[in-house]
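Take a look at the structure below.
Reminder, nothing fancy here: chain letters follow the sequence lines and each chain counts from 1. Both backbone and side-chain heavy atoms feed into the values below; hydrogens, waters and symmetry mates do not.
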Number of protein chains: 2
Amino acid sequence: MAVTIKDVAKVAGVAPSTVSRVIADNPRISMNTKIRVRKAMKDLGYHPNVNARNLVARSSQAIGVIMPSSADNALQNPFFPEILRGIGACAHEMKYSLYISTGGNEQEVYEEVQGMVHGNRVDGIILLYSRVADPVQQFLIDVKFPFVIVGKPKERESEITYVDNDNVKASKELTNHLIELGHERIAFIGGSPKLTVTTDRLQGYKTAIEAANLPAPLDYVVHAEFLTSGGRDAVEQLFALEAPPTGLVIADDLMSLGVINTLEEIGLKCPDDVSITSFNNLYLSAFINPPLTTVDIQIYMLGMHATRCLIEKAKDKEEPAKRIIVPYEIKYRQSSEFLKEE
Amino acid sequence: MAVTIKDVAKVAGVAPSTVSRVIADNPRISMNTKIRVRKAMKDLGYHPNVNARNLVARSSQAIGVIMPSSADNALQNPFFPEILRGIGACAHEMKYSLYISTGGNEQEVYEEVQGMVHGNRVDGIILLYSRVADPVQQFLIDVKFPFVIVGKPKERESEITYVDNDNVKASKELTNHLIELGHERIAFIGGSPKLTVTTDRLQGYKTAIEAANLPAPLDYVVHAEFLTSGGRDAVEQLFALEAPPTGLVIADDLMSLGVINTLEEIGLKCPDDVSITSFNNLYLSAFINPPLTTVDIQIYMLGMHATRCLIEKAKDKEEPAKRIIVPYEIKYRQSSEFLKEE
DNA sequence: ATGAAAGCGCTAACAG
DNA sequence: CTGTTAGCGCTTTCAT
């Protein structure tokens with residue numbers, strides 16, 4: 001049987017409540033007894049029982065992290081460990097712990113969220129994806145449970161706290177960069193159009209293309225999986241076109257990796273034949289050949305901010321919905337280059 | 001205020017204890033009242049309070065997952081989301097939830113583990129790494145807390161339950177494959193020598209090299225980070241040698257990716273000039289250029305088995321230490337090829 | 001087959 | 001400043 005607050009109290013010669021106060025570092029306890037109690041705790045190897053504490057406090061000092069359902073291969077993206085790192089760092093600092101859900105499908109994810117909320121397992125939830133008509137989001141709103149989204153909500157934007165980059169602007173900048181390099185046939189490769197991140201990046205691309213009066217055939221917009229394999233599929237589509245693009249705006253570095261490799265197979269080189277710009281600045285992006293021009297969206301920071309916001313919200317439920325835009329930084333590297341004259 | 005067992009009891013016209021029994025599906029409750037109580041639960045939207053339940057049950061139906069400290073960049077490896085997927089699937093099926101630790105440094109990880117154990121937050125722990133002289137492992141052994149390791153423990157192997165591949169054998173097979181292709185100068189690139197996974201794979205390589213009477217200069221063994229950048233560093237060392245290798249056994253696909261890209265930069269092509277074999281069969285390994293010959297270690301399965309074992313151990317503390325070897329499968333792809341005559 | 005009551009370990013009034 | 005007391009929501013003897 002584990003050592004409890006009572007045991008400590010007995011050894012220290014005080015009442016259990018005093019021990020409790022010492023744990024909470026209550027200022028009304030004399031330094032003297034504090035020291036005595038702390039010594040007793042050390043001696044006995046006391047550790048508070050979280051369940052008991054949470055039961056009375058009606059809180060758990062834990063936050064739930066919801067990943068996309070693992071049916072979604074995108075989970076393979078190093079984006080997730082990286083953002084987990086940011087979330088973990090902030091949570092640890094604030095003495096919160098992390099609960100994660102990796103449901104196998106959407107239904108399971110939904111159930112896990114329900115369990116977390118109703119079972120009082122977590123004080124708040126971070127959603128690591130944002131898509132249209134998400135029942136999870138709806139549920140959280142309905143029961144008024146604190147949550148924040150990493151990414152931008154599609155609906156009820158003003159009521160939801162979220163942490164995001166200005167993806168539209170970043171994408172526009174990337175596209176303009178290609179335009180400045182002399183490219184005129186620029187295509188866009190994104191993930192599922194149901195994800196806000198895709199639509200925002202697409203919109204930035206479109207805005208820049210239109211502003212520059214460049215051709216924008218429908219064929220130049222391709223949606224594929226947020227993975228190396230997705231890049232592969234996209235290349236097969238785009239370079240079968242009559243007028244294939246010379247510049248590419250790609251919504252994720254892993255996709256870009258697939259694109260580069262596939263281009264090579266069909267005899268095209270990056271950046272000589274095709275310039276590539278993309279998003280996320282994954283750890284590997286600087287080390288592949290050629291190194292990627294990519295938007296550093298500061299994944300770690302996204303995680304930190306999301307966590308901080310969430311904890312604020314969990315502590316004060318009246319906290320109004322907030323929107324945090326994390327600045328991005330474009331890393332210009334060799335994958336994008338001046339268009340060669342033909 | 002959430003609806004409790006008492007509210008349900010009142011509505012159903014029974015005692016709280018009866019409701020509790022219905023939840024546990026106690027066979028000594030008449031079908032009739034079971035139905036009545038269940039209806040009341042539905043009507044009121046009742047959900048059991050996990051904290052209260054855990055408090056009395058002294059268990060939490062949760063398992064802790066310990067990642068390497070996030071100071072370790074290896075966290076970026078898609079290995080982690082993938083194994084999390086396996087763990088999550090099994091945990092969900094057994095109605096367990098997941099607690100994860102992503103401490104910023106080893107000290108923090110240690111503290112988080114302590115908190116999990118002493119606070120009764122989890123019923124057991126899965127360690128996603130295995131290194132020499134790990135204080136976390138030692139602690140878990142000391143307090144006799146159920147845990148399993150993914151990988152092979154360095155010390156006290158027979159006392160610890162672990163799930164692993166036969167890395168020695170796989171590595172030997174990989175090396176022999178290169179030997180059969182005609183390679184004579186074969187080098188090994190591994191991660192930290194403190195990790196069992198590295199030493200096992202190294203040993204398999206050495207065994208095969210010795211058995212074939214091939215040269216094994218010390219320079220042919222390089223240790224680098226389990227990442228793309230690590231592959232880059234390794235190439236710089238190996239191909240500065242007087243007699244650079246023509247075949248490579250690499251302990252991780254991400255490293256291989258770095259190797260391939262770096263080789264390209266110094267004018268060497270894979271597999272024409274250098275054949276590559278590696279480990280893990282990450283999702284991207286089939287889609288890069290050239291596709292990697294790599295050992296599919298069945299990451300998802302490793303996670304499933306680890307979780308199943310752990311839950312068994314948590315339920316019955318007397319369960320003896322077990323060792324589970326998950327079969328691997330070598331995927332032969334284009335990165336390894338016959339050695340060209342010079 | 002069901003109810004009454006005790007208690008898991010802790011915190012939070014309320015006294016003093 | 002510190003002790004007493006009453007629960008938090010649930011499970012579990014022990015009765016009946």
Side-chain angles (χ1 to χ4, degrees), chain A residues 1-41 44-62 95 115-123 315, chain B residues 1-38 40-41 44-62 95 115-123:
Chain A
M1 179 93 317
V3 18
T4 81
I5 213 175
K6 279 188 187 169
D7 304 320
V8 176
K10 209 164 287 172
V11 169
V14 296
S17 49
T18 304
V19 178
S20 176
R21 288 185 184 110
V22 173
I23 295 170
D25 205 17
N26 188 313
R28 306 191 303 193
I29 297 289
S30 77
M31 212 37 186
N32 211 304
T33 48
K34 265 190 190 171
I35 291 174
R36 221 169 61 249
V37 170
R38 292 223 177 89
K39 175 163 170 16
M41 300 200 307
L44 296 176
Y46 169 79
H47 288 267
N49 181 314
V50 196
N51 291 312
R53 185 203 295 250
N54 292 345
L55 178 56
V56 28
R58 279 173 189 66
S59 100
S60 57
Q61 290 282 109
K95 304 241 175 267
M116 283 187 183
V117 171
H118 284 135
N120 255 281
R121 267 186 194 286
V122 300
D123 293 347
K315 284 189 174 151
Chain B
M1 175 95 315
V3 18
T4 81
I5 213 175
K6 279 188 186 169
D7 304 319
V8 177
K10 208 164 288 172
V11 170
V14 297
S17 48
T18 304
V19 177
S20 176
R21 289 185 183 109
V22 173
I23 294 170
D25 204 16
N26 188 315
R28 304 191 304 195
I29 298 289
S30 75
M31 211 38 187
N32 211 305
T33 49
K34 266 190 190 172
I35 292 173
R36 221 169 59 250
V37 171
R38 293 222 177 89
M41 299 201 304
L44 295 176
Y46 169 79
H47 288 267
N49 180 315
V50 193
N51 291 312
R53 185 204 294 254
N54 293 345
L55 178 57
V56 27
R58 279 173 189 66
S59 100
S60 57
Q61 290 282 110
K95 306 241 174 268
M116 283 186 183
V117 171
H118 284 135
N120 256 283
R121 267 188 195 285
V122 300
D123 294 347

In whole angstrom, give the distance that lies between atom [atom1] of [X] and atom [atom2] of [N].
{"X": "B:N51", "N": "D:dC10", "atom1": "CG", "atom2": "P", "answer": "10 Å"}
{"X": "A:N49", "N": "D:dG9", "atom1": "CG", "atom2": "P", "answer": "17 Å"}
{"X": "A:N54", "N": "D:dG7", "atom1": "CG", "atom2": "P", "answer": "21 Å"}
{"X": "A:N120", "N": "D:dC8", "atom1": "CG", "atom2": "P", "answer": "14 Å"}
{"X": "B:Q61", "N": "D:dT11", "atom1": "CD", "atom2": "P", "answer": "12 Å"}
{"X": "B:L55", "N": "D:dC10", "atom1": "CG", "atom2": "P", "answer": "12 Å"}
{"X": "B:M41", "N": "D:dG9", "atom1": "CE", "atom2": "C1'", "answer": "15 Å"}
{"X": "B:N26", "N": "C:dT2", "atom1": "CG", "atom2": "C1'", "answer": "10 Å"}

Touch class at under 4.0 angstrom, heavy-atom based, for B:S20 against every strand present: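 Touches a base.
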Touch class at under 4.0 angstrom, heavy-atom based, for A:R28 against every strand present: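 Answer is base: heavy atoms of A:R28 come under 4.0 Å of a base.
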Residue A:K10 excluded, over 12 heavy atoms near NZ under 6.0 Å: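 Result for NZ/A:K10: open.
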Of the listed nucleotides D:dC10, D:dC8, D:dT2, the one nearest the side chain of A:I29: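 It is D:dT2.
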A:R58 side-chain proximity, nearest of D:dC10, D:dG9, C:dC10: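 Output: D:dG9.
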Distance-only donor-acceptor check, side chains B:S60 and B:N54, under 3.5 Å: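 Short answer, no.
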Pair A:T33, A:S30: side-chain N/O donor-acceptor within cut-off below 3.5 Å: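 Yes, a side-chain donor-acceptor pair sits under 3.5 Å.
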C:dC8 phosphate, OP1 or OP2, under 4.0 Å from A:T4 side-chain N/O: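 No, because none of the side-chain N or O atoms of A:T4 sits under 4.0 Å from OP1 or OP2 of C:dC8.
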Phosphate contact (D:dT2 OP1 or OP2) by A:S30 side-chain N/O below 4.0 Å: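 Answer yes for this pair, as a side-chain N or O of A:S30 is under 4.0 Å from OP1 or OP2.
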Spacing of NZ belonging to B:K34 relative to CD1 belonging to B:I23, to within rounding of 0.5 Å: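 It comes to 12.0 Å.
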Sub-4.0 Å heavy-atom contacts from residues 5-17 of chain B onto DNA chain D, ordered by number: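 Those residues whose heavy atoms fall under 4.0 Å from DNA chain D, taken from residues 5-17 of chain B in numerical order, are B:I5, B:S17.
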B:T18 vs B:A52, nearer the 5' end of DNA chain D by closest nucleotide: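 On the 5' side of the pair lies B:A52.
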B:D123/B:R58 salt bridge by N-O under 4.0 Å criterion: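 Here B:R58 does not pair with B:D123 in a salt bridge, since their nearest N and O are not under 4.0 Å apart.
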Which atom of A:L44 lies closest to which atom of A:V3, heavy atoms considered: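 Residues A:L44 and A:V3, closest heavy atoms: O-CG1, 3.4 Å.
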Under 3.5 Å donor-acceptor pair, B:R21 side-chain atoms to C:dG3 base atoms: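 Indeed there is one.
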side-chain contact (heavy atoms from CB on, under 4.5 Å) between A:V19 and A:V37, worked out: CA-CA 7 Å; A:V19 178; A:V37 170; 4.1 Å; yes
